[in-house]
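A short worksheet on the structure shown next.
When reading the values below, keep in mind they use all heavy atoms of this one structure, side chains included, and skip hydrogens, waters and symmetry mates.
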Protein chains: 4
Amino acid sequence: MRSHPDLPTEPNARIGRPRSAEADRAILAATRAALVELGWSKLTMGDVATRAGVAKTTLYRRWAGKSELVVDAVAVLFDELELPDLGSLVADVEAMVLRFAALLERPETRTAMMAVVAEATRDEALRKRIRVAIVDRQKVLVLQGRARAQARGELPYERDPVTAAHNADLIFDVIAGAVVHRTLVSAEPVDPAWARRFTRLLLHGASAVTPRP
Amino acid sequence: MRSHPDLPTEPNARIGRPRSAEADRAILAATRAALVELGWSKLTMGDVATRAGVAKTTLYRRWAGKSELVVDAVAVLFDELELPDLGSLVADVEAMVLRFAALLERPETRTAMMAVVAEATRDEALRKRIRVAIVDRQKVLVLQGRARAQARGELPYERDPVTAAHNADLIFDVIAGAVVHRTLVSAEPVDPAWARRFTRLLLHGASAVTPRP
Amino acid sequence: MRSHPDLPTEPNARIGRPRSAEADRAILAATRAALVELGWSKLTMGDVATRAGVAKTTLYRRWAGKSELVVDAVAVLFDELELPDLGSLVADVEAMVLRFAALLERPETRTAMMAVVAEATRDEALRKRIRVAIVDRQKVLVLQGRARAQARGELPYERDPVTAAHNADLIFDVIAGAVVHRTLVSAEPVDPAWARRFTRLLLHGASAVTPRP
Amino acid sequence: MRSHPDLPTEPNARIGRPRSAEADRAILAATRAALVELGWSKLTMGDVATRAGVAKTTLYRRWAGKSELVVDAVAVLFDELELPDLGSLVADVEAMVLRFAALLERPETRTAMMAVVAEATRDEALRKRIRVAIVDRQKVLVLQGRARAQARGELPYERDPVTAAHNADLIFDVIAGAVVHRTLVSAEPVDPAWARRFTRLLLHGASAVTPRP
DNA sequence: GCATAAACGAGACGGTACGTCTAGTCTTACT
DNA sequence: AGTAAGACTAGACGTACCGTCTCGTTTATGC
């Protein structure tokens, strides 16, 4: 398999017939639809092409394989994630957790995420693609949330930028990890009650969830 | 696909040539080896059979498919996870996190876990198998850890058994989720420093990681 | 493409499931049918497989490609060529020419022969296959015809076996070549009148066809 | 496929940019080169275009497909065939046979001829093109040869023009057929010895090749 | 000298077939 | 009955060409 066509080589990007933007849209939409109906493992390139009303070659001209295509197709779904402003850190985190969980309930996201991550364990390029297309999109929300909480006076300002980055990363992994694990591995619902308990744990620690009388 | 051969039907288990236990071991070992070399998506039943010096039929007589085989092959790896007793809850959690992360660094675990989870999003039977073979094995450790901490007086006893169960589940999802996410999605190492920061967050909350001067 | 699977490797020909003779017959029949309907260039392996009610792999397990398959499929048609015994060399040759022409009129033979020969100009193995499967089958008829004519006293016995072989080859190329060329290149019919003129030319030379009064 | 572009439609042939004669030459040369290297079946329009330093569109503007292109590319090779005048019919025929055989030894002619003929069995238009471009070019030689032999008194004049035409056609099919069959089907060389034996057969018949003592 | 009209290069497009691979089943003969 | 071997159906894979199309550019003429 060729590494990653994807980006048209810049220098001679002006000559020849230009790529159809219409096709791009149709393919990504078809991919999401197929993902919902069939799941990752039964989704085939040929089927996506047919649904999109496009030739298989047109897919392969843009994406190197199933993984790359699905990452791009699913990435846009994460754009709808926005940080709510409910006036307090607790409320914001709870709402955020619920929104993220709702996204993971959707069948196209469910399978896609884990499958793509699994595939990425063997493929650095794919890992980077996931980071750029999905992970970084979410990480921004943590940074926004912290900034807002600091502005409200709910969190202190961290002087050392390295420590600040570390903390943001840590909190991001804890939130995303817990929600993903609960939803996909434990396979149990993230409901408002769970979100409340989780938020309390996140903000005040394990000792806070079973408060000493 | 036949549902799940797996266990030899009990009644007539005595007649005919008995199944080779040697074959079982060889197959599982071959599966792990193939997983390391090829990763989930390029691992094939035929290849595993060849490596194990066994006919494909023999595989299908014992497992219904790739997913089931891999789950069983990988499950034993989780048996080596044991809760250390280092005298304090903090030390125990930190050590546990590091051991779990070390397990996830190993290539056979890396790919297998996520891939199998991805596959399971569409398959309730597989989900159950994962729960029994892998998830529950880990969850026990959380319960052990809590019991030990309660014995030491580091954690209060929870009266309500429902609440107790909820809390154990929550803490399990947070620990496992954070480590898995850090390792496989963020693709960054779980080193002692991260383990320390994470443990502090887990026990005392977000406010504790950037302590107010 | 692997060179030429075709013959099952002899040594271990006893173990495993034996090849289906039924499939062989169905495939060759389907190939001839497809050849009639579609012609060489539009005949596809996939289509033949479908017609034969067989998987594509089953074709490729036996034949290396289209050319090899078609040669074998068409070869049997040449088995029906038999030397008539009409009592005289002239009558025998005329009848033979007409039968051979009739064979070449059939659509499956028409395209197949030339196309396969064309393909063979680049492929020694294929050339050999054609020789064994088709050419030698026809050459025998020339030898039979000569022997019969010699027995009748219509032709002298040639003492030198090398000269005898040369002559047989020459006559074979002239008969087969003329009929093929007339039929496929000049694209004109080989009717009894042409057969009579040709036979006179063959037996008595160019000067005999326009006899001096 | 559009029927046969080939000739620029006459009416508006004067306006717009004229077709490049340079391109025509380059394409035909490239076709012959590709034919030598790759043979008919592996020759592709795209490859010919690249070799000729020309866009694929430029090919399709002139020829309807591979067959048409190859016929034209190969046809010129037959122009070099000329009837030698060695003073006697026997010598002329022998020389002619050797020249024709030499032409068929050349790889571009070898494959092209048979492949194109094979293709033509399903395509009347292509058949006509072959007749005009190749076959008729050769047939003239037979007519020339006969006229010369008649002038020399080696052959009688045929009164009936229909019979004369029939005879010319017959002799043409026998000569061309025998040489082509010997070269491409029997895959054996046409050397001077064979040419001598063939000529004797052609002029005096089968009884002459193994002369009665 | 400037518009017109066709040819040109490049390359994307919808298709079709290729030959390979894997899944999971079935058929032999052997253990 | 279990087993190794290997043939079987089914269907996806990624590639290669086909012949067409759509660009932007070039090159003749004719007004």
Side-chain angles (χ1 to χ4, degrees), chain A residues 1-2 8 12-20 22-23 42-47 49-50 52-62 64-66, chain B residues 1-2 8 12-20 23 41-47 49-50 53-61 64-66, chain C residues 1-2 8 12-20 22-23 42-47 49-50 53-62 64-66, chain D residues 1-2 8-9 12-20 23 42-47 49-50 53-62 64-66:
Chain A
M1 198 195 293
R2 290 161 308 163
N12 53 346
R14 294 277 105 205
I15 55 179
R17 177 171 170 177
R19 290 200 179 156
S20 159
E22 181 57 40
K42 290 186 183 168
L43 176 149
T44 70
M45 297 297 271
D47 181 53
T50 306
V54 139
K56 249 199 313 175
T57 28
T58 302
L59 265 73
Y60 283 108
R61 213 170 279 122
R62 292 163 161 78
K66 196 161 135 170
Chain B
M1 197 196 295
R2 287 164 308 165
N12 54 348
R14 293 279 107 201
I15 57 177
R17 176 171 170 178
R19 288 196 182 162
S20 160
S41 65
K42 290 185 183 168
L43 175 149
T44 69
M45 298 297 270
D47 183 50
T50 306
V54 139
K56 260 201 301 175
T57 351
T58 304
L59 264 73
Y60 283 107
R61 211 170 282 118
K66 193 162 140 173
Chain C
M1 197 196 295
R2 290 160 309 163
N12 53 347
R14 293 279 102 203
I15 54 179
R17 176 173 172 177
R19 290 200 181 157
S20 160
E22 181 57 40
K42 289 186 184 169
L43 176 149
T44 70
M45 297 298 269
D47 181 52
T50 306
V54 138
K56 255 199 307 175
T57 25
T58 301
L59 266 74
Y60 283 108
R61 210 172 281 119
R62 291 161 161 79
K66 196 161 136 170
Chain D
M1 199 195 292
R2 290 163 309 162
T9 334
N12 52 348
R14 295 278 104 202
I15 55 178
R17 177 173 171 178
R19 289 199 182 156
S20 160
K42 289 185 184 169
L43 175 149
T44 70
M45 298 298 270
D47 182 51
T50 307
V54 140
K56 259 200 304 175
T57 7
T58 303
L59 264 74
Y60 283 107
R61 214 171 279 123
R62 291 161 161 79
K66 193 161 138 172

C:Ser20: what forms a side-chain contact (heavy atoms from CB on, under 4.5 Å) with it, not counting sequence neighbours?
C:Glu22, C:Ala23, C:Arg62
Could you say whether D:Ser20 or C:Lys66 is positioned toward the 5' end of DNA chain E, judged by the nucleotide with the nearest heavy atom to each?
D:Ser20
Between B:Thr58 and B:Val54, is there a donor-acceptor pair closer than 3.5 Å when you use the side chain of the first and the backbone of the second?
no
Please state how far atom CG in B:Leu59 lies from atom P in F:dA4, giving the value in whole angstrom units.
10 Å
Tell me whether the side-chain N/O atoms of C:Arg62 come closer than 4.0 Å to OP1 or OP2 in F:dC8.
yes
Nearest whole Å is fine: how far is F:dC17 P from D:Asp47 CG?
8 Å
Reported OG1-to-NZ distance for the pair D:Thr44 and D:Lys56, which is rounded to 0.5 angstrom
8.5 Å
If you only use heavy atoms from C-beta on, which nucleotide in F:dT15, F:dC18, F:dT9 is closest to the side chain of D:Tyr60?
F:dC18
Using a cut-off of 4.0 Å on non-hydrogen atoms, how would the nucleic acid contact of B:Thr58 be classed: base, sugar-phosphate, or nothing?
sugar-phosphate
Scanning both residues in full, the closest heavy-atom pair of D:Lys66 with D:Leu43 reads NZ-O, 2.9 Å
Check the phosphate of F:dG6 against C:Arg19, side-chain N and O only, distance under 4.0 Å to OP1 or OP2. Yes or no?
no
By nearest nucleotide on DNA chain E, pick out whichever of B:Thr44 and D:Lys56 is the more 5' one.
D:Lys56
Identify, between C:Gly53 and B:Ala55, the residue whose nearest nucleotide on DNA chain F lies closer to the 5' end.
B:Ala55
Tabulate atom names and distances for all N/O pairs under 3.5 angstrom spanning the protein and nucleotides 24-28 of chain F.
{"residue": "F:dT26", "atom": "O2", "partner": "D:Arg17", "partner atom": "NH1", "Å": "2.8"}

Kindly write out the residues that satisfy side-chain contact (heavy atoms from CB on, under 4.5 Å) with C:Thr57, not counting sequence neighbours, or none if the list is empty.
C:Ala55, C:Arg61
If I take atom CZ in residue A:Arg61 and atom P in nucleotide F:dA16, what distance separates them, rounded to the nearest angstrom?
13 Å
Of B:Thr57 and A:Met45, the one whose closest nucleotide on DNA chain F sits nearer the 5' end is B:Thr57
